[in-house]
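So the structure is just underneath, and the comments pick up after that.
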Amino acid sequence: MFGDISAIDLARFQFAFTISAHIIFPAFSIGLASFLAVLNGLWLWRRDEVYLRLFDYWKTIFAVVFGMGVVSGIVMSYQFGTNWSVFSDKTGPVLGPLMGYEVLSAFFLEAGFLGIMLFGRERVGEKLHMVATAIVAIGTLFSAFWILSVNSWMQTPQGYSINDVGQFIPEDWWAIIFNPSFPYRLVHMVLAAYLTTAFVVGAVGAWHLLRSSESRGAAIMFSMAMWMALIVTPVQIIAGDMHGVNTLEYQPAKIAAMEGHYESFPEGRAPLILFGLPDDAAGVTRYTLEIPLLGSLILTHSLDTPIKGLDAFPADERPKSAMIFWTFRIMVAIGFAMLGIGLWSAWGRWKGQLFDMPWLHRAAVLMGPFGFQAVLCGWITTEVGRQPFTVYGLLRTGESAAPLQAEAVGISLMAFIVVYFLVFGSGTFYVLRLMSKRPRDRIDIDEIGPTRTAGITPIAANPTAPHPTQGE
Amino acid sequence: MVIDLSFIWAGLIAFAVLAYVLLDGFDLGIGILFPFLKNRDERHLAMNTIAPVWDGNETWLVLGGGGLFAVFPLAYAIVMPALYPLIIAMLLGLIFRGVTFEFVHRTKRMQGFWEVGFWAGSLIATIAQGMALGALVQGIVVNGRAYGGGNWDWLTPFSGLTALAVVVGYAMLGATWLILKTEGETLVRARRFAMPLGVALVALIGLVSLATPFLRPEYLARWFGWPSGAWSAVVPILLALAIWQLWTGLRNKDHLRPFLATVAMFVLSFAGLGVSFYPNLVPPALTIADAAAPDSSLLFLLVGAVVLIPMILVYTGYSYWVFRGKVHPGDGYH
């Protein structure tokens, strides 16, 4: 039924598909949870109803996104066992407890306070509701901490020994959790989540500004998002560079594949291949467009430090270059496009025209989905670059899979694809439809129908509220 | 006496699984009962009784799976491939039902579709869990450090029987939860569901209990041998007490007692399983000690579990307390 495709290739594709679908939701909900906490804080601090309305606007979107993140996440926690049982048996003693801590310290925390955050403002009062909202945001960050520690250990394992049945045995938990690539990966991913969210929020704000400049809510969203774009993007670019330097130290083969370097540069002076077509079979990157010396400057921050190419590694330990050469470049290009938007907005803000720049608004709308694109490309780069290992240098992907037949994996893969496109496709559509609704600056008293329970007391419109252009 | 860490963890994992079964049980049960509710308003009311808590309820399933990976990785690596189609079906069912809590409020045209999805997803997940239970009780073939059986070992008359029992059991939890959380016409209807479901549940628990000892000789010895049989007899005696409580609760039209009695029946059935399984984690041959991760893993996570699980119970309890009482039509933020 599945021809020559092996069970392991199907299992790899299934993992790639389900985890790619999953990461989209946390990347958004990590950022959105923090954004909601900030909005709620602003509402409590300034008592300007526009913040409460913005909170409600994004809360509804958050509920849909978070639900999709939860259900697609449950799949991940079982897929290690169903499709990668040998990996699970061998790494369980090291990675399992880290995931256990993720469940205990993050998932329960988020789930326990999510209900109060979504439904409980009137029941528990403003202060406890603020606490619940902040706890949900903190929970998403705890979750990122643990799962990135897990992933990073698979990239840069340490603090373990191997027992007589081939299991990794923890020796030093501190070394395991804070493995060499973890701090960089954690910072890079959390910033990516924040930026992704900022660009979605910015796109929604810009969209409504283009349709009508009357909405204060839209102006506030756009302004906050552009501050994030201006301040966080440069930090992210620096963090990404540091992450790359770390990867060069611990996974040089991955860097060689990302750069299309099939041959080593024993005296440094490596060019930066801007574009080209890596040919893994022939071991050469064709049709290159290069900038001399810049490769060495970026990777080693020097001119003459030797840089290894893929030829420095045994043939059966080389990651393939063809895909990650491009995913890496797409991610970097998106990063610089984000920086461009941030600078453009700063110029507009300085001129006092931030809300009257239709071309900036159009560009921001266009950039809306690209944070997700960058996150996916970044993850593909780091995960495909880890191949042919699941635990880098120690456990091969080919020796990690469950003893399943291709039919079983193939059928489940098709079921996942059908269900994911139907369910998450619909969910994405609903989220976009929610975003297309114009944010309300306040709610009039006679609009409060029976579905709104008592307690949302609309405060009188504040006549002294600043015009949005006067800064946020 | 030093208690072995692996046994503490077996207890904790059992607790997580039991918590999941009870909490997501009433949650899934409402999905199973969905087509029998009167109209859309009543279905949405039923859904609103669980909307603030379903996510927390399902987190116990993640703890069960993630916990197994952490402390009994070998059992995780053997059981998941053995039950492959069931686990996949369960996950897909849970996806469908989980998203509908929000989706039904986001569309008019497709509302009926997602309501059917809520019912079908709940039912499929429940059937998969019930069959997985039956397959585990029958025993799993192990070859070295991997599953050694075939693709269809889990599909037997016995796993069909356990699936039916779990479907009826979850529906009963759902019905008694509705008795607790609703009023008026819905409450009356929920009571009408609870009577026949209760009778069917008692009958199915009886059938599964009668069949189980004859699946494997060690179960028979555990239940009817001496002296273990005397201790094991405690379980059916307490079960009879719970059934009596359920009966009086329903007859007196109590609001809370039927739910608690059903919970007690689940706890006792679960304890009965524990009696059959012990000291195996995966019958017939994988013991708790064999499957356990090294002590360094068990201890590291235990420190966190001892601190965090009580906190989880407190704030989960708090969340239930916040949303206590009867749910009225139109509650919620939609």
Side-chain angles (χ1 to χ4, degrees), chain A residues 63-64 67-68 70-75 77-78 80-82 85-86 88-89 92-97 99-105 107-108 111-116 118-120 123-124 163 165 167 169-171 173 402-405 408 412 415-416 419 423 426-427 430 433-434 450-451 453, chain B residues 51-53 55-59 61-63 65-74 76-81 84-85 87-88 91-92 94-96 98-99 101-103 106-107 110 145-147 151 293-294 296-297 300-301 304-305 308-309 312 315-316 318-319 322-323 330-334:
Chain A
V64 180
M68 293 194 283
V70 168
V71 292
S72 60
I74 297 176
V75 172
S77 73
Y78 279 83
F80 286 110
T82 52
S85 60
V86 177
S88 301
D89 177 27
V94 170
L95 298 182
M99 288 201 214
Y101 268 100
E102 185 185 17
V103 181
L104 292 171
S105 72
F107 292 164
F108 275 110
F113 290 92
L114 180 73
I116 296 172
L118 295 180
F119 308 103
R123 283 178 178 257
V124 301
N163 71 4
V165 291
Q167 286 178 309
I169 301 301
E171 295 293 342
W173 281 107
L404 292 166
Q405 282 157 6
S412 66
F416 273 117
V419 170
V423 169
S426 304
Y430 298 144
R433 196 156 66 182
L434 285 170
T451 54
T453 45
Chain B
V53 292
D55 175 22
N57 295 347
E58 261 173 31
T59 307
L61 180 68
V62 183
L63 182 61
L68 207 59
F69 177 40
V71 292
F72 299 110
L74 183 57
Y76 180 76
I78 288 169
V79 170
M80 294 301 150
Y84 189 77
I87 301 288
I88 303 290
L91 294 171
L92 293 173
L94 290 177
I95 288 175
F96 246 98
V99 297
F101 284 97
E102 288 299 322
F103 284 15
R106 303 276 76 90
T107 171
M110 294 276 283
R145 293 180 76 78
Y147 174 56
N151 283 343
S296 52
S297 304
F300 176 66
L301 191 57
L308 292 168
I309 289 180
I312 289 165
Y315 65 66
T316 304
Y318 171 72
S319 176
V322 166
F323 295 101
D331 280 2
Y333 73 121
H334 297 290

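All chains are named by letter (A, B, ...) in the order of the sequence lines, taking the proteins before the strands, and each is independently numbered beginning at 1.
- A search for side-chain hydrogen bond (donor to acceptor under 3.5 Å, both in side chains) contacts involving B/Tyr315 returns nothing, not counting sequence neighbours.
- Ranked by non-hydrogen atom pairs under 4.5 Å with chain A, the options B/Ile87, B/Val79, B/Thr107, B/Ile309 are led by B/Thr107.
- Of the atoms belonging to B/Leu308, it is side-chain heavy atoms, and not backbone ones, that fall under 4.5 Å from chain A.
- Interface check for chain A: of the options B/Gly98, B/Gly65, B/Gly56, B/Ser296, the most heavy-atom pairs under 4.5 Å are formed by B/Ser296.
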* **Verdict with supporting geometry, B/Val62 and A/Met99, side-chain contact (heavy atoms from CB on, under 4.5 Å)** => CA-CA 10 Å; B/Val62 183; A/Met99 288 201 214; over 6 Å; no
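- Few gaps surround CD on A/Glu171; more than 12 heavy atoms of other groups in view lie less than 6.0 Å from it.
- Minimum heavy-atom separation, B/Phe300 to A/Tyr101: O-OH, 2.7 Å.
- Of the residues considered (B/Tyr147, B/Phe96, B/Tyr76), B/Tyr76 shows the highest number of contacts with chain A, using heavy-atom pairs under 4.5 Å.
- Contact count against chain B (heavy-atom pairs under 4.5 Å) is highest for A/Val419 among A/Asn163, A/Leu95, A/Val419.
- The two residues A/Val71 and B/Leu94 come nearest to each other via the heavy atoms CG1-O, 3.6 Å.
- Of the listed residues A/Ala402, A/Ser426, A/Pro97, the one with more heavy-atom pairs under 4.5 angstrom with chain B than any other is A/Pro97.
- The minimum heavy-atom distance between A/Ala111 and B/Thr59, with the atom names listed, is CB-OG1, 3.6 Å.
- Counting heavy-atom pairs closer than 4.5 Å to chain B, the top residue among A/Thr82, A/Val103, A/Val124 is A/Thr82.
- Only the side chain of A/Gln167 comes within contact range of chain B, with heavy atoms under 4.5 Å apart.
- Looking at B/Leu63 and A/Phe107, their side chains never come closer than 4.5 Å, going by heavy atoms from C-beta outward.
- Heavy atoms closer than 4.5 Å to chain B are found in both the backbone and the side chain of A/Pro170.
- Remark: the backbone N or O of A/Tyr430 is not paired with any side-chain donor or acceptor of B/Arg106 at under 3.5 angstrom.
- Listed here is the closest heavy atom pair of A/Pro93 and B/Ser297: O-OG, 2.7 Å.
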* To do: Kindly determine whether A/Val64 and B/Phe103 satisfy side-chain contact (heavy atoms from CB on, under 4.5 Å), including the steps that lead there.
  => CA-CA 7 Å; A/Val64 180; B/Phe103 284 15; 3.7 Å; yes
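- Looking only at heavy-atom pairs under 4.5 Å with chain B, the residue among A/Leu434, A/Val94, A/Val86, A/Leu114 that has the most is A/Leu434.
- Rounding to the nearest 0.5 angstrom, the gap separating the CD1 atom in B/Ile312 from the OG atom in A/Ser105 is 8.5 Å.
- Closest approach of B/Ala77 and A/Asp89 over heavy atoms only: CB-CB, 3.8 Å.
- At a 4.5 Å heavy-atom cutoff, the contact between A/Leu404 and chain B is made by side-chain atoms alone.
- Heavy-atom distances place both the backbone and the side chain of B/Leu74 under 4.5 Å from chain A.
- Heavy-atom distances place both the backbone and the side chain of A/Val75 under 4.5 Å from chain B.
- Contact annotation for B/Ile95: both backbone and side-chain heavy atoms come within less than 4.5 Å of a heavy atom of chain A.
- Going from atom CZ of A/Phe113 over to atom OG1 of B/Thr316 covers 8.0 Å, rounded to the nearest 0.5 Å.
- Aromatic ring orientation, B/Phe323 versus A/Phe119: perpendicular (interplanar angle above 60°, classes split at 30° and 60°).
- For B/Pro294 against A/Ile169, the heavy-atom pair with the smallest separation is CG-CD1, 3.3 Å.
- Checked by atom type, the side-chain pair A/Ser412/B/Tyr84 shows a donor-acceptor distance below 3.5 Å.
- Between atom OG of residue A/Ser88 and atom CG of residue B/Leu68 there is a gap of 10.0 Å, rounded to the nearest 0.5 Å.
- With chain B as the partner, the residue from A/Phe80, A/Tyr78, A/Phe416, A/Trp173 showing the most heavy-atom pairs under 4.5 Å is A/Trp173.
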